[in-house]
Engineer: 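Shown below is the structure under consideration.
Letters A, B, ... mirror the listed sequences (proteins, then strands); counts begin at 1.
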Protein chains: 2
Amino acid sequence: MPRQRRTKQQIAIEEVFRRNPRPLSPHEILSLARDDVPNLGMATVYRTLNYMIEDQILQVVDLPGQCSRYELADKKHHHHFHCLDCDKVFDLEGCLLKEDLNLPEGFVVKEHDITLTGRCPDCGG
Amino acid sequence: MPRQRRTKQQIAIEEVFRRNPRPLSPHEILSLARDDVPNLGMATVYRTLNYMIEDQILQVVDLPGQCSRYELADKKHHHHFHCLDCDKVFDLEGCLLKEDLNLPEGFVVKEHDITLTGRCPDCGG
DNA sequence: CTAATTGCAAACAGTTTGCAGGCGT
DNA sequence: ACGCCTGCAAACTGTTTGCAATTAG
């Protein structure tokens with residue numbers, strides 16, 4: 001069921017993504033959006049995220065062993081870097097997959113996910 | 001705290017890994033081990049998995065958007081294939097990461113995870 | 001006005017923990 | 001027989017859902 005009304009809660013959440021162009025966790029989103037709408041509830045965050053995914057404004061970013069994060073959907077194919085220090089996730093442009101995969105017989109690949117883990121520039125790489 | 005006693009529950013769980021050489025979910029493990037120990041509890045599965053990780057017999061396999069799986073730790077660096085049909089996970093030997101990453105300044109990479117997604121040979125690749 | 005949307009609390013799934021009884025050593 | 005280990009149930013986290021009250025259009 002797509003959205004029909006534009007509320008201050010939804011506007012605040014969209015604004016959070018515009019101001020923070022990297023994959024954000026629901027907790028980060030709630031915390032940032034509460035600057036605009038102090039008594040915002042987590043359920044509303046999740047519902048709004050799902051609305052925005054349905055409207056193809058957002059896409060899910062799933063990293064191994066991490067809770068789902070969300071980022072704006074208007075991006076080209078890319079991969080992610082997860083900082084072990086500050087726990088933030090950054091986009092890495094371009095594709096990091098080898099050209100020649102050389103898989104065993106019979107495997108058909110539809111998609112691939114690559115996550116690099118380490119230290120980001122802010123944390124003194 | 002490492003294990004000190006060898007119980008029939010633990011033996012059954014180790015046997016499951018020996019018989020199924022691919023990353024297994026806790027639910028799969030419980031279900032398979034109950035063939036040997038019918039009233040095995042899920043808490044015991046998790047505790048045994050954690051014992052085995054501590055003893056470096058097992059390692060965790062985290063895939064994007066999936067619950068953790070576990071496989072024997074005696075493997076070389078490799079990546080994983082996740083079948084969208086049967087939901088099983090397979091090991092892929094060798095490294096699939098590009099040689100020349102060409103990252104922005106300041107990012108230091110410690111580890112990387114690659115997951116391919118698609119159809120496996122059993123599901124008519 | 002009307003009903004879509006919110007906020008709270010309850011429901012859920014996956015995982016961990018506390019505790020009394022069972023069982024390896 | 002000592003005390004580690006199990007099984008159950010309760011606790012906990014991340015996410016979803018039910019429902020009465022709010023509010024956008």
Side-chain angles (χ1 to χ4, degrees), chain A residues 1-17 23-55 57-71 82 87-89 115, chain B residues 1-17 23-55 57-71 82 87-89 115:
Chain A
M1 60 297 300
R3 283 180 295 179
Q4 305 189 3
R5 292 179 186 176
R6 162 142 305 217
T7 65
K8 61 177 187 295
Q9 289 87 342
Q10 294 179 14
I11 291 166
I13 290 171
E14 288 169 26
E15 195 58 28
V16 165
F17 282 103
L24 301 171
S25 68
H27 181 77
E28 281 179 295
I29 296 161
L30 177 66
S31 165
L32 290 164
R34 275 188 171 165
D35 293 347
D36 289 353
V37 184
N39 62 339
L40 178 65
M42 187 55 108
T44 300
V45 171
Y46 277 108
R47 275 186 287 233
T48 302
L49 292 174
N50 288 330
Y51 290 152
M52 291 173 75
I53 287 167
E54 211 172 349
D55 293 347
I57 295 167
L58 283 189
Q59 59 193 344
V60 182
V61 176
D62 279 320
L63 304 190
Q66 297 279 311
C67 69
S68 290
R69 297 167 196 247
Y70 301 81
E71 70 179 345
H82 177 216
D87 207 41
K88 284 199 194 118
V89 174
T115 307
Chain B
M1 61 293 298
R3 281 180 296 180
Q4 307 188 2
R5 293 181 185 175
R6 162 141 304 219
T7 64
K8 63 178 188 296
Q9 290 88 342
Q10 294 178 14
I11 291 166
I13 290 171
E14 288 169 26
E15 195 57 30
V16 165
F17 282 102
L24 301 171
S25 69
H27 181 77
E28 281 179 296
I29 296 161
L30 177 66
S31 166
L32 289 164
R34 274 188 171 164
D35 292 348
D36 289 352
V37 184
N39 62 339
L40 179 64
M42 186 55 107
T44 300
V45 171
Y46 277 108
R47 274 187 286 234
T48 302
L49 292 175
N50 289 331
Y51 291 151
M52 292 172 76
I53 287 166
E54 211 173 348
D55 293 346
I57 295 167
L58 284 188
Q59 59 192 346
V60 182
V61 176
D62 279 321
L63 304 190
Q66 297 280 313
C67 69
S68 291
R69 296 166 195 248
Y70 300 80
E71 70 179 347
H82 177 217
D87 206 40
K88 283 198 195 122
V89 175
T115 307

Engineer: Working to the nearest 0.5 angstrom, can you tell me the gap between A:Ile57 CD1 and A:Tyr51 OH?
Structural biologist: 12.5 Å

Engineer: Applying the side-chain contact (heavy atoms from CB on, under 4.5 Å) test to A:Ile13, which of A:Leu32, A:Leu58, A:Thr48 qualifies?
Structural biologist: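 Testing each of A:Leu32, A:Leu58, A:Thr48 against A:Ile13, the sole residue satisfying side-chain contact (heavy atoms from CB on, under 4.5 Å) is A:Thr48.
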
Engineer: To the nearest 0.5 Å, how far apart are CG in A:Leu63 and OG1 in B:Thr115?
Structural biologist: 10.5 Å

Engineer: What distance separates A:His27 NE2 from A:Ile29 CD1, expressed to the nearest 0.5 Å?
Structural biologist: 11.0 Å

Engineer: Among residues 31-46 of chain A, which residues get a heavy atom nearer than 4.0 Å to DNA chain C?
Structural biologist: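 Listed by number, they are A:Asn39, A:Leu40, A:Gly41, A:Ala43, A:Thr44.
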
Engineer: What parts of residues 5-16 of chain A reach DNA chain D, counting only heavy atoms under 4.0 Å away?
Structural biologist: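 Output list: A:Arg5, A:Arg6.
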
Engineer: Would you kindly give the CG-to-P distance between A:Leu49 and C:dT5, to the nearest whole Å?
Structural biologist: 15 Å

Engineer: With sequence neighbours excluded, what pairs up with B:Arg5 under the side chain to side chain contact (heavy atoms under 4.5 Å, CB included) test?
Structural biologist: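 By the side chain to side chain contact (heavy atoms under 4.5 Å, CB included) rule, B:Arg5 matches no residue at all.
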
Engineer: A:Gln4 has a side chain; which of C:dG14, D:dT15, C:dA4 sits nearest to it?
Structural biologist: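 Comparing C:dG14, D:dT15, C:dA4 against the side chain of A:Gln4, the answer is C:dA4.
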
Engineer: For A:Leu40, is there any backbone N or O sitting under 3.5 Å from a side-chain donor or acceptor partner on A:Arg34?
Structural biologist: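 Yes; judged by distance alone, with no hydrogens or angles, the pair exists.
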
Engineer: Please examine the side chains of A:Met42 and A:Val45, heavy atoms only from C-beta on, and report whether any two atoms are closer than 4.5 Å.
Structural biologist: yes

Engineer: Within this structure, what is the OH-CD distance for the pair A:Tyr70 and A:Glu28, rounded to the nearest 0.5 Å?
Structural biologist: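 Result: 12.5 Å between the selected atoms.
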
Engineer: Starting at CD of A:Glu54 and ending at P of D:dT16, how long is that distance when rounded to a whole Å?
Structural biologist: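 In whole Å, D:dT16 P lies 13 Å from A:Glu54 CD.
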
Engineer: OH of A:Tyr51 versus P of C:dA4: gap in Å, rounded?
Structural biologist: 10 Å

Engineer: Rounding to a whole Å, what distance do you find between B:Leu30:CG and D:dG7:C1'?
Structural biologist: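 Distance, rounded to whole Å: 12 Å.
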
